[in-house]
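For reference, the structure is listed below as structure tokens.
Just so it is clear: chains get the letters A, B, ... in the order the sequence lines come, proteins before strands, and each one is counted from 1.
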2 protein chains.
Amino acid sequence: MNQSRDIVSKLSERGYRLTPQRMMILSAIKNSNDHTSAEEIYTQVAAKYPHINISTVYRTLELLKKLGLVTETNLGEGRVRYHPADKGHHHHLVCQECGTIIDLDESVLSSLKSALLQEYKFSADLRHLAIFGRCVKCSK
Amino acid sequence: MNQSRDIVSKLSERGYRLTPQRMMILSAIKNSNDHTSAEEIYTQVAAKYPHINISTVYRTLELLKKLGLVTETNLGEGRVRYHPADKGHHHHLVCQECGTIIDLDESVLSSLKSALLQEYKFSADLRHLAIFGRCVKCSK
DNA sequence: AAACTAGTTGCAAAGAGTTGCACAAACCAT
DNA sequence: ATGGTTTGTGCAACTCTTTGCAACTAGTTT
Ligand SMILES: [Mn+2]
Ligand SMILES: [Mn+2]
Ligand SMILES: [Zn+2]
Ligand SMILES: [Zn+2]
């Protein structure tokens with residue numbers, strides 16, 4: 001796993017410290033197959049290190065987002081979900097009626113991204129978006 | 001104002017009741033010039049009717065959203081903002097570095113909307129979106 | 001006008017996420 | 001190794017929003 005090494009160096013390069021808590025949180029995120037929540041990460045880490053606090057999980061996720069190592073998305077469940085950035089970018093269409101989720105390739109938003117960059121010089125962060133609306137069935 | 005009448009009928013048609021609380025909350029939203037928050041609506045209504053509860057405000061906003069009478073947006077302040085749907089749709093580019101907000105016309109997302117409809121038969125709700133990223137200055 | 005019924009409200013408690021602060025620990029320099 | 005500097009952590013309190021429940025009331029029927 002030279003991924004871990006990348007992360008370690010990315011942290012120390014920028015003056016962040018490599019703490020046991022951060023390493024455990026990172027491996028919890030990598031071990032999760034799919035989108036994880038802060039609570040799930042907390043539970044997994046707490047199994048081995050009960051002293052950990054949930055606010056440390058939130059603060060670490062904040063940091064990993066800033067470093068571009070995890071992406072976050074709100075699928076409308078009342079809680080945010082995360083996954084490793086290196087597992088490929090994609091988006092989700094979420095039906096507000098029946099809850100169906102359609103997965104979308106990153107490319108669907110690439111023309112929007114470049115339009116915003118050209119017209120507004122705005123560099124939009126369009127990784128891992130959730131777009132709400134109605135699926136075919138629920139559109140009546 | 002036959003707008004009010006529209007709302008009254010929109011409520012009763014679907015079996016919802018027209019309560020004093022709902023009327024006060026509605027007029028509080030209409031009286032606000034710009035994006036309002038639940039707390040601001042609550043404060044305004046409570047000035048005349050101190051018995052009102054903030055959860056009623058949240059529930060009413062939920063209902064008005066469902067009826068398409070207000071739109072909601074999260075500008076990243078840790079609280080959601082609302083405004084009347086009939087005040088025109090638009091979007092916002094929010095710089096996560098400096099907080100600058102650029103207003104966007106509705107049309108910027110219309111080609112995305114039709115692409116999602118064609119390719120996925122998904123009717124996306126793209127009213128009043130906030131797109132995060134970095135403005136020119138903060139893009140270095 | 002009185003009763004009925006289903007939607008609505010207030011209240012209290014809970015959930016998700018954030019923040020200030022004092023103490024702890026990682027990293028760097030000696 | 002030792003000490004100092006600065007970042008990070010645990011904890012508790014707090015903010016925003018949601019939810020279960022019992023009491024209430026708008027709109028309808030008799
Ligand atoms: Mn995803
Ligand atoms: Mn707006
Ligand atoms: Zn659906
Ligand atoms: Zn900026």
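- Residue-level contact check: A:I54 touches neither bases nor backbone, having no heavy atom under 4.0 Å from any strand.
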| task | Might you work through the salt bridge (charged side-chain N to carboxylate O under 4.0 Å, His left out) test for A:E62 and A:K65, ending with a clear yes or no? | result | CA-CA 5 Å; A:E62 194 67 27; A:K65 260 194 297 175; 3.4 Å; yes
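- Nucleic acid contact for A:I52: sugar-phosphate only, since backbone atoms but no base atoms lie under 4.0 Å from a heavy atom of the residue.
- The two atoms that bring B:L11 and B:R17 nearest to each other are CD1-O, 4.2 Å, heavy atoms only.
- The 5' end of DNA chain D is approached more closely, in terms of each residue's nearest nucleotide, by A:R22 than by the other of A:R22 and B:Y82.
- Salt-bridge formation is detected for the pair B:E40/B:R81: a Lys NZ or Arg NE/NH1/NH2 atom is positioned less than 4.0 Å from an Asp or Glu carboxylate oxygen.
- Residues A:H89 and A:H83 keep their aromatic ring centres 6.0 Å or farther apart.
- Criterion: ILVMFWY side-chain heavy atoms under 4.5 Å apart, direct or through other members. Under it, B:L75 and B:L61 are not part of a common hydrophobic cluster.
- The stretch residues 57-71 of chain A comes close to DNA chain C through A:Y58, A:R59, each having a heavy atom under 4.0 Å from the strand.
- Side chain of B:S12 to backbone of B:V8: a donor-acceptor contact under 3.5 angstrom is found.
- At a threshold of 4.0 angstrom between heavy atoms, the contacts of B:Q21 are confined to the sugar-phosphate backbone, with no base atom among them.
- Taking atom CZ on A:R17 and atom C1' on C:dC28, their separation rounds to 9 Å, with Å as the unit.
- A:R79 comes within 4.0 angstrom of the backbone, heavy atoms only, and of no base.
- Residues A:D103 and A:H92 bring a donor and an acceptor atom of their side chains to less than 3.5 Å of each other.
- Along DNA chain D, the nucleotide nearest B:Y16 and the nucleotide nearest B:V80 are compared for position; the residue whose nucleotide lies closer to the 5' end is B:V80.
- Within the 4.0 angstrom heavy-atom criterion, no nucleotide atom of any strand lies near B:Y42.
- If you check every strand for non-hydrogen atoms under 4.0 Å, B:S55 touches a base.
- On the nucleic acid side, DNA chain D contacts chain A at distances under 4.0 Å to non-hydrogen atoms, with the end points of that region at D:dT6 to D:dC11.
- Looking at which nucleotide of DNA chain C each of A:S37 and B:H51 is closest to, the 5′-most match is held by B:H51.
- Look at CG on A:N74: it is 19 Å from P on C:dG15, rounded to the nearest Å.
- One interatomic measurement links the two molecules: OH of B:Y49 to C1' of C:dT8, which rounds to 11 Å at whole-angstrom precision.
- Here B:K113 contributes atom NZ and B:S123 contributes atom OG; the two are 4.5 Å apart, rounded to the nearest 0.5 Å.
- Atoms CG and OG1, on A:L93 and A:T100 in that order, are 11.0 Å from each other to the nearest 0.5 Å.
- Summarising the geometry, the separation between CD on A:E40 and C1' on C:dG17 is reported as 16 Å, rounded to the nearest angstrom.
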